[in-house]
2 protein chains.
Amino acid sequence: MSQNPILKSLIAEQLVSDPGSARGRLLTEAARLFRDKGYERTTVRDLAAAVGIQSGSLFHHFRTKEEILKAVMVETIRLNTALMQAAADQAESPRGKLKALVRAELESINGQTGEAMAVLVYEWRSLSEGSRAEVLELRDIYEGLWLSVLEELSGKGQLKAEPFIVRRMLTGALSWTVTWYKPERGGLTLDGLTEQVMAMMGL
Amino acid sequence: MSQNPILKSLIAEQLVSDPGSARGRLLTEAARLFRDKGYERTTVRDLAAAVGIQSGSLFHHFRTKEEILKAVMVETIRLNTALMQAAADQAESPRGKLKALVRAELESINGQTGEAMAVLVYEWRSLSEGSRAEVLELRDIYEGLWLSVLEELSGKGQLKAEPFIVRRMLTGALSWTVTWYKPERGGLTLDGLTEQVMAMMGL
DNA sequence: GTCTATAAAAAGATAGAC
DNA sequence: GTCTATCTTTTTATAGAC
């Protein structure tokens, strides 16, 4: 199992769980179930069965079911903030940076960690009030990354609408791809999809 | 209670429930609860309380809780197909038609029927397999309306990306506005938001 | 058409043995 | 760290009176 160097360093810093560990495997399976069935429809018995243990044993790892949801969200946003940062750093021009961000977010949503990204976007309501604050704080960092690139682009007159509105439109549009984009069949590659998104914005 | 003439004629044809009727009021309240708490977190007791009856009495109107979800979706898509058709018919040019569709969908999502539109988009997973077919059939008509306008625009060389991809991006982007767009505070009107969306596409 | 009462099942969580 | 067994609560749905 070869691992992304970014993921590797986050694991070393204990900011995300090793996918090979018991906790990591549970969170991976939880993300998949939460995306497919929704958090509420997923029972603790489903979660336990997915990693091959009994439901009672789950509570040795997490105090409540909601704590699992929160962990999925926190670790996902930490990982993806690092991924976006790395993507943006690779490019020089503002346009190149935006394209790299779009590509990276599409990859996250439709790739291995896609389940977890979808959970982050669509299961917000199921997070308890207390947990929201922590996730929100992390999300602000993530969004700040996007905004700084969009504002740079806007400053050069290359953006046709307001940066914060463009970002919100992109959030909706890119996350929605999880419901329809199937890279396996049909000729549209991730790069092709990225191009379409950029083209749509006249970039 | 003055009513939209389009809504009025749909009620007359018994394609959607009168919001004043018992059934109509229940569906309105159900849509609101389903959007705010999610379908699964909303109990039949919540639904009953929202219209001032006991939970047992609900089952005189609907056989199951899921039937309520399905009814919300079916009636919402019927109403909105009619609304989009009327909007598109008002404009002459392809660009004008697209703008009218964007405006109308934003209005639906963020206006009085917005709760129900959000349910349609975000509660799809909670619909039983059997019910999906019926809703899907109606959705195809709705989407066909958008596609014909986008293809017309594309034929004139005014669209920078493929019609079906643009539509899917718009679906995600416009429905996502329900999570952040607050017309009351902040200066952005619905027309302003519509302009931003069109501008983003270079239109 | 709504009420009360309750059946029947499902779900989150706990306790103690191994 | 996982198992079995079970408690407690919640939830959908039903039955029959009014």
Side-chain angles (χ1 to χ4, degrees), chain A residues 11 14 17-73 119 123-132, chain B residues 11 14 17-73 119 123-132:
Chain A
I11 294 169
Q14 301 202 17
S17 307
D18 187 332
S21 70
R23 180 187 162 97
R25 265 178 296 126
L26 174 62
L27 292 182
T28 302
E29 290 301 316
R32 188 179 56 78
L33 285 165
F34 291 167
R35 186 197 60 174
D36 291 347
K37 313 175 56 164
Y39 170 77
E40 298 293 341
R41 286 176 89 88
T42 303
T43 68
V44 293
R45 286 169 181 78
D46 291 333
L47 292 167
V51 292
I53 57 176
Q54 295 301 309
S55 67
S57 309
L58 265 191
F59 295 90
H60 176 77
H61 302 280
F62 295 90
R63 282 209 312 260
T64 63
K65 180 186 165 190
E66 198 234 333
E67 209 173 75
I68 301 176
L69 176 63
K70 183 183 161 187
V72 168
M73 290 187 169
V119 170
E123 297 296 338
W124 187 255
R125 282 177 311 193
S126 294
L127 206 61
S128 73
E129 198 124 1
S131 306
R132 283 186 200 184
Chain B
I11 295 169
Q14 302 202 19
S17 307
D18 187 331
S21 71
R23 180 187 163 97
R25 264 177 296 126
L26 174 62
L27 292 181
T28 302
E29 290 300 316
R32 188 179 55 78
L33 284 164
F34 291 165
R35 186 196 59 175
D36 291 348
K37 311 176 58 166
Y39 170 76
E40 298 294 339
R41 288 175 88 89
T42 303
T43 69
V44 292
R45 285 172 184 77
D46 291 334
L47 292 167
V51 291
I53 58 175
Q54 295 299 311
S55 69
S57 308
L58 265 191
F59 294 89
H60 176 77
H61 301 280
F62 294 89
R63 282 209 311 262
T64 63
K65 179 185 165 191
E66 198 235 332
E67 209 172 76
I68 300 176
L69 176 62
K70 183 184 162 189
V72 168
M73 290 187 169
V119 170
E123 298 295 337
W124 187 254
R125 283 176 312 193
S126 294
L127 206 60
S128 74
E129 199 123 1
S131 306
R132 282 186 200 183

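The sequence lines fix the lettering, A, B, ..., with proteins before strands; numbering per chain opens at 1. Computation of the quantities below employed the complete heavy-atom set of this structure, encompassing side-chain atoms and omitting hydrogens, waters and symmetry-equivalent molecules.
Under the side chain to side chain donor-acceptor pair (under 3.5 Å) rule, A/Ser131 has a single partner from A/Glu67, A/Glu66, A/Lys70, which is A/Glu66.
In this structure, A/Gln54 places its CD atom 14 Å from C1' of D/dT6, rounding to the nearest Å. One can place CZ of A/Phe62 at 16 Å from C1' of D/dT2, the figure rounded to the nearest angstrom. Atom CG of A/Leu47 and atom C1' of C/dA13 are 14 Å apart (whole Å). Going from atom CG of A/Asp46 over to atom P of C/dA10 covers 12 Å, rounded to whole Å. The CG atom of B/Leu58 sits 9 Å away from the P atom of C/dT2 (whole-angstrom rounding).
Side chain of A/Arg132 to main chain of A/Arg125: a donor-acceptor pair is present (N/O by atom type, distance under 3.5 Å, no hydrogens or angles).
No side-chain heavy atom of B/Arg32 sits under 4.5 Å from any side-chain heavy atom of B/Thr28. A 4.5 Å side-chain heavy-atom check between B/Leu26 and B/Leu58 finds at least one atom pair inside the cut-off. The shortest side-chain heavy-atom distance between A/Leu27 and A/Arg23 falls under the 4.5 Å cut-off.
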Distances for protein N or O near nucleotides 13-18 of chain D N or O, under 3.5 Å:
from	atom 1	to	atom 2	distance (Å)
D/dA13	OP2	B/Lys65	N	2.9

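Where B/Ala22 and A/Arg41 each meet DNA chain C at their nearest nucleotide, the meeting point lying more 5' is that of B/Ala22.
In this structure, the nucleotide among D/dT11, C/dG1, D/dT2 sitting nearest to the side chain of B/Thr43 is D/dT11.
In this structure, A/Val72 and A/Ala31 approach most closely via the heavy-atom pair CG1-CB, 4.1 Å.
In this structure, B/His61 reaches the C/dT2 phosphate: one of its side-chain N or O atoms is under 4.0 Å from OP1 or OP2.
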